[in-house]
Colleague: 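Provided herewith is a single structure, encoded as C-alpha coordinates, for subsequent inquiry.
Counting convention: from 1, in listed order, for ligands and their atoms alike.
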Amino acid sequence: MADKILIDMIKLRDAMVEDSSIILPEAVFYPSRNMNGLKTIRELATFRFSCRKCEDAPCISVCPSDALEKDEEGIIERHTNLCIACKSCVTICPFGTMMTDFFAHHRNKDLMFDLTDEKALHKFIKACPEGTVTITDIDETPDKNIYRLNEKVMIKDYLYITEKL
Ligand code: SF4
Ligand code: SF4
(Lines give C-alpha, C1' and ligand atoms only; values in the text may rest on other atoms or scores of the structure.)
(Ligands and ions follow the chains in the order given, each with its own letter.)
Protein backbone atom coordinates (compact mmCIF):
# COMPACT_ATOMS: atom_id res chain seq x y z
CA MET A 1 0.00 0.00 0.00
CA ALA A 2 1.22 3.50 -0.79
CA ASP A 3 2.04 5.57 2.25
CA LYS A 4 -0.20 8.53 1.62
CA ILE A 5 -3.56 9.72 0.46
CA LEU A 6 -4.29 12.85 -1.53
CA ILE A 7 -7.45 14.74 -0.59
CA ASP A 8 -8.60 17.14 -3.28
CA MET A 9 -10.30 19.89 -1.28
CA ILE A 10 -11.19 21.79 -4.46
CA LYS A 11 -13.16 18.85 -5.84
CA LEU A 12 -14.72 18.17 -2.44
CA ARG A 13 -16.04 21.74 -2.21
CA ASP A 14 -17.36 21.50 -5.78
CA ALA A 15 -19.13 18.26 -4.89
CA MET A 16 -20.79 19.98 -1.92
CA VAL A 17 -21.90 22.90 -4.07
CA GLU A 18 -23.33 20.57 -6.72
CA ASP A 19 -25.26 18.55 -4.16
CA SER A 20 -26.05 20.46 -0.97
CA SER A 21 -27.56 17.35 0.62
CA ILE A 22 -24.25 15.50 0.42
CA ILE A 23 -22.83 14.32 3.76
CA LEU A 24 -19.11 13.89 3.41
CA PRO A 25 -17.35 11.10 5.27
CA GLU A 26 -14.93 12.19 7.97
CA ALA A 27 -11.38 10.97 8.44
CA VAL A 28 -9.15 11.09 11.47
CA PHE A 29 -5.74 9.72 12.30
CA TYR A 30 -6.32 9.57 16.00
CA PRO A 31 -8.09 6.33 16.85
CA SER A 32 -10.45 6.60 19.78
CA ARG A 33 -13.40 4.62 21.05
CA ASN A 34 -15.40 7.82 20.97
CA MET A 35 -14.60 9.79 17.84
CA ASN A 36 -17.37 12.38 18.36
CA GLY A 37 -15.98 15.88 18.35
CA LEU A 38 -12.58 14.99 16.98
CA LYS A 39 -11.14 17.40 14.52
CA THR A 40 -11.19 15.93 11.09
CA ILE A 41 -8.58 16.08 8.40
CA ARG A 42 -10.80 18.38 6.36
CA GLU A 43 -10.98 20.90 9.19
CA LEU A 44 -7.23 20.78 9.81
CA ALA A 45 -6.54 21.23 6.09
CA THR A 46 -8.97 24.12 5.76
CA PHE A 47 -7.49 26.11 8.62
CA ARG A 48 -3.96 25.42 7.42
CA PHE A 49 -4.36 26.04 3.69
CA SER A 50 -7.43 28.04 2.65
CA CYS A 51 -8.04 30.19 5.76
CA ARG A 52 -6.87 33.78 5.09
CA LYS A 53 -5.38 34.02 8.58
CA CYS A 54 -7.06 37.40 9.15
CA GLU A 55 -5.07 39.70 11.41
CA ASP A 56 -8.02 40.60 13.64
CA ALA A 57 -9.79 37.36 12.96
CA PRO A 58 -13.55 37.97 13.19
CA CYS A 59 -14.15 34.28 13.78
CA ILE A 60 -12.18 34.49 17.03
CA SER A 61 -13.92 37.70 18.16
CA VAL A 62 -17.41 36.34 17.52
CA CYS A 63 -16.94 33.00 19.21
CA PRO A 64 -19.03 33.03 22.42
CA SER A 65 -17.02 30.18 23.93
CA ASP A 66 -13.44 31.31 23.33
CA ALA A 67 -13.06 28.10 21.37
CA LEU A 68 -10.91 29.54 18.61
CA GLU A 69 -7.35 30.77 18.86
CA LYS A 70 -4.29 31.06 16.68
CA ASP A 71 -1.34 28.77 17.15
CA GLU A 72 2.26 29.93 16.94
CA GLU A 73 2.09 29.76 13.12
CA GLY A 74 -1.05 31.92 13.01
CA ILE A 75 -3.23 28.95 12.13
CA ILE A 76 -6.68 28.88 13.66
CA GLU A 77 -7.23 26.09 16.12
CA ARG A 78 -10.66 25.05 17.42
CA HIS A 79 -10.92 23.59 20.90
CA THR A 80 -13.60 20.96 20.53
CA ASN A 81 -14.18 20.81 24.28
CA LEU A 82 -15.21 24.49 24.26
CA CYS A 83 -17.01 24.71 20.91
CA ILE A 84 -20.79 24.70 21.26
CA ALA A 85 -21.35 24.39 17.49
CA CYS A 86 -23.24 27.70 17.30
CA LYS A 87 -21.74 28.31 13.82
CA SER A 88 -21.31 32.06 14.44
CA CYS A 89 -17.76 31.74 13.08
CA VAL A 90 -19.07 30.18 9.88
CA THR A 91 -21.51 33.06 9.41
CA ILE A 92 -19.03 35.84 10.07
CA CYS A 93 -16.05 34.52 8.08
CA PRO A 94 -15.94 36.84 5.04
CA PHE A 95 -14.25 34.20 2.91
CA GLY A 96 -16.55 31.23 3.46
CA THR A 97 -13.58 29.33 4.79
CA MET A 98 -15.43 27.08 7.16
CA MET A 99 -18.01 24.49 6.31
CA THR A 100 -20.89 24.10 8.69
CA ASP A 101 -20.52 20.35 8.92
CA PHE A 102 -17.19 20.75 10.73
CA PHE A 103 -19.16 21.52 13.84
CA ALA A 104 -21.58 18.64 13.95
CA HIS A 105 -21.31 17.17 17.41
CA HIS A 106 -23.18 14.01 16.65
CA ARG A 107 -21.40 12.35 13.83
CA ASN A 108 -22.63 9.26 12.06
CA LYS A 109 -20.16 6.51 13.03
CA ASP A 110 -20.68 4.89 9.63
CA LEU A 111 -19.20 8.01 8.07
CA MET A 112 -16.19 8.28 10.40
CA PHE A 113 -13.01 6.49 9.34
CA ASP A 114 -9.79 5.96 11.27
CA LEU A 115 -7.08 6.17 8.65
CA THR A 116 -4.53 4.33 10.76
CA ASP A 117 -6.53 1.22 9.80
CA GLU A 118 -5.84 0.13 6.21
CA LYS A 119 -9.31 -1.30 5.65
CA ALA A 120 -10.95 1.85 6.97
CA LEU A 121 -8.71 3.93 4.75
CA HIS A 122 -9.94 2.12 1.65
CA LYS A 123 -13.54 2.39 2.84
CA PHE A 124 -13.00 6.13 3.32
CA ILE A 125 -11.74 6.50 -0.25
CA LYS A 126 -14.77 4.59 -1.54
CA ALA A 127 -17.20 6.65 0.56
CA CYS A 128 -15.87 9.98 -0.74
CA PRO A 129 -17.18 11.50 -3.97
CA GLU A 130 -15.40 9.87 -6.89
CA GLY A 131 -11.92 11.20 -7.60
CA THR A 132 -11.71 13.38 -4.48
CA VAL A 133 -9.48 11.07 -2.42
CA THR A 134 -6.78 8.88 -3.95
CA ILE A 135 -3.78 6.84 -2.89
CA THR A 136 -0.64 8.69 -3.86
CA ASP A 137 3.11 8.71 -3.66
CA ILE A 138 3.36 12.34 -4.74
CA ASP A 139 5.48 14.78 -2.76
CA GLU A 140 4.66 18.41 -2.11
CA THR A 141 4.17 20.06 -5.53
CA PRO A 142 3.15 23.72 -5.20
CA ASP A 143 2.82 24.03 -9.02
CA LYS A 144 -0.05 21.58 -8.78
CA ASN A 145 -1.43 23.07 -5.54
CA ILE A 146 -0.43 19.96 -3.62
CA TYR A 147 0.82 20.40 -0.07
CA ARG A 148 1.73 18.17 2.83
CA LEU A 149 -0.64 18.15 5.80
CA ASN A 150 1.19 15.41 7.67
CA GLU A 151 3.20 12.28 6.96
CA LYS A 152 0.11 10.44 5.69
CA VAL A 153 -1.98 13.11 4.02
CA MET A 154 -1.37 15.36 1.04
CA ILE A 155 -3.89 18.10 0.33
CA LYS A 156 -4.74 19.70 -2.97
CA ASP A 157 -6.06 23.21 -2.42
CA TYR A 158 -5.49 26.82 -3.34
CA LEU A 159 -3.02 28.09 -0.81
CA TYR A 160 -3.67 31.55 0.52
CA ILE A 161 -0.39 33.43 0.85
CA THR A 162 -0.14 36.80 2.52
CA GLU A 163 1.90 39.15 0.39
CA LYS A 164 4.82 40.60 2.31
CA LEU A 165 5.40 44.26 1.42
S1 SF4 B 1 -19.13 27.07 16.13
FE2 SF4 B 1 -17.73 26.71 17.84
S3 SF4 B 1 -15.85 27.72 17.23
FE4 SF4 B 1 -17.48 28.57 15.93
S5 SF4 B 1 -18.20 30.43 17.00
FE6 SF4 B 1 -19.50 28.74 17.66
S7 SF4 B 1 -18.54 27.98 19.53
FE8 SF4 B 1 -17.00 29.22 18.46
S1 SF4 C 1 -12.47 34.84 9.56
FE2 SF4 C 1 -12.30 33.11 8.12
S3 SF4 C 1 -10.50 33.54 6.89
FE4 SF4 C 1 -10.41 34.91 8.66
S5 SF4 C 1 -9.12 33.81 10.18
FE6 SF4 C 1 -11.27 33.26 10.59
S7 SF4 C 1 -11.65 31.36 9.39
FE8 SF4 C 1 -9.78 32.32 8.59
Colleague: Which ligand 1 atoms, with their elements, are less than 4.0 angstrom from a heavy-atom of Cys86?
Modeller: 1 (S), 5 (S), 6 (Fe), 7 (S)
Colleague: Which protein N, O or S atoms does atom 6 (Fe) of ligand 2 have within a distance shorter than 2.8 Å?
Modeller: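 Listed by chain and number: Cys59 SG.
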Colleague: Other residues, nucleotides and ligands only: do more than 12 of their heavy atoms fall within 6.0 Å of CD on Glu55?
Modeller: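 Incorrect, the count does not exceed 12.
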Colleague: May I ask you to identify the nearest protein heavy atom to atom 2 (Fe) of ligand 1, giving residue, atom name and distance to one decimal place in Å?
Modeller: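 The closest one turns out to be Cys83 SG, 2.4 Å.
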Colleague: Check the side chains of Ser21 and Asp19 for a donor-acceptor pair under 3.5 angstrom, ignoring hydrogens and angles.
Modeller: yes
Colleague: Can you list the ligand 1 atoms lying under 4.0 Å from a non-hydrogen atom of Lys87?
Modeller: 1 (S), 6 (Fe)
Colleague: Taking NZ, NE, NH1 and NH2 as the nitrogens, is one of them in Glu43 or Arg78 under 4.0 Å from a carboxylate oxygen of the other?
Modeller: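 Yes, charged N to carboxylate O under 4.0 Å.
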Colleague: Which ligand 1 atoms are under 4.0 Å away from a heavy-atom of Ile84?
Modeller: 2 (Fe), 7 (S)
Colleague: List the closest protein heavy-atom neighbour of atom 8 (Fe) of ligand 1: residue, atom name, distance to the nearest 0.1 Å.
Modeller: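 Result: Cys63 SG, 2.3 Å.
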Colleague: Less than 3.5 Å apart, which donor and acceptor atoms pair up between the side chains of residues 8-15 and the rest of the protein, not counting sequence neighbours?
Modeller:
| residue | atom | partner | partner atom | Å |
| --- | --- | --- | --- | --- |
| Asp8 | OD1 | Ile10 | N | 3.0 |
| Asp8 | OD1 | Lys11 | N | 3.0 |
| Arg13 | NH1 | Asp157 | OD2 | 3.2 |
| Arg13 | NH2 | Asp157 | OD1 | 2.6 |

Colleague: Please assess Phe113 against Leu115 for the test side chain to side chain contact (heavy atoms under 4.5 Å, CB included), listing each intermediate value before the final yes or no.
Modeller: CA-CA 6 Å; Phe113 299 89; Leu115 299 187; 4.3 Å; yes
Colleague: If the test is side chain to side chain contact (heavy atoms under 4.5 Å, CB included), which one of Ile155, Leu159, Leu6, Asp139 qualifies with Ile146?
Modeller: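 The single option meeting the side chain to side chain contact (heavy atoms under 4.5 Å, CB included) with Ile146 is Leu6.
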Colleague: Please determine whether the number of non-hydrogen atoms from other residues, nucleotides or ligands lying under 6.0 Å from atom CD of Glu130 exceeds 12.
Modeller: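 No - once you tally the heavy atoms of other residues, nucleotides and ligands closer than 6.0 Å, there are 12 at most.
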Colleague: Within the supplied structure, the quantity of interest is the number of heavy atoms (other residues, nucleotides, ligands) at a distance under 6.0 Å from Asn81 CG; does it exceed 12?
Modeller: yes
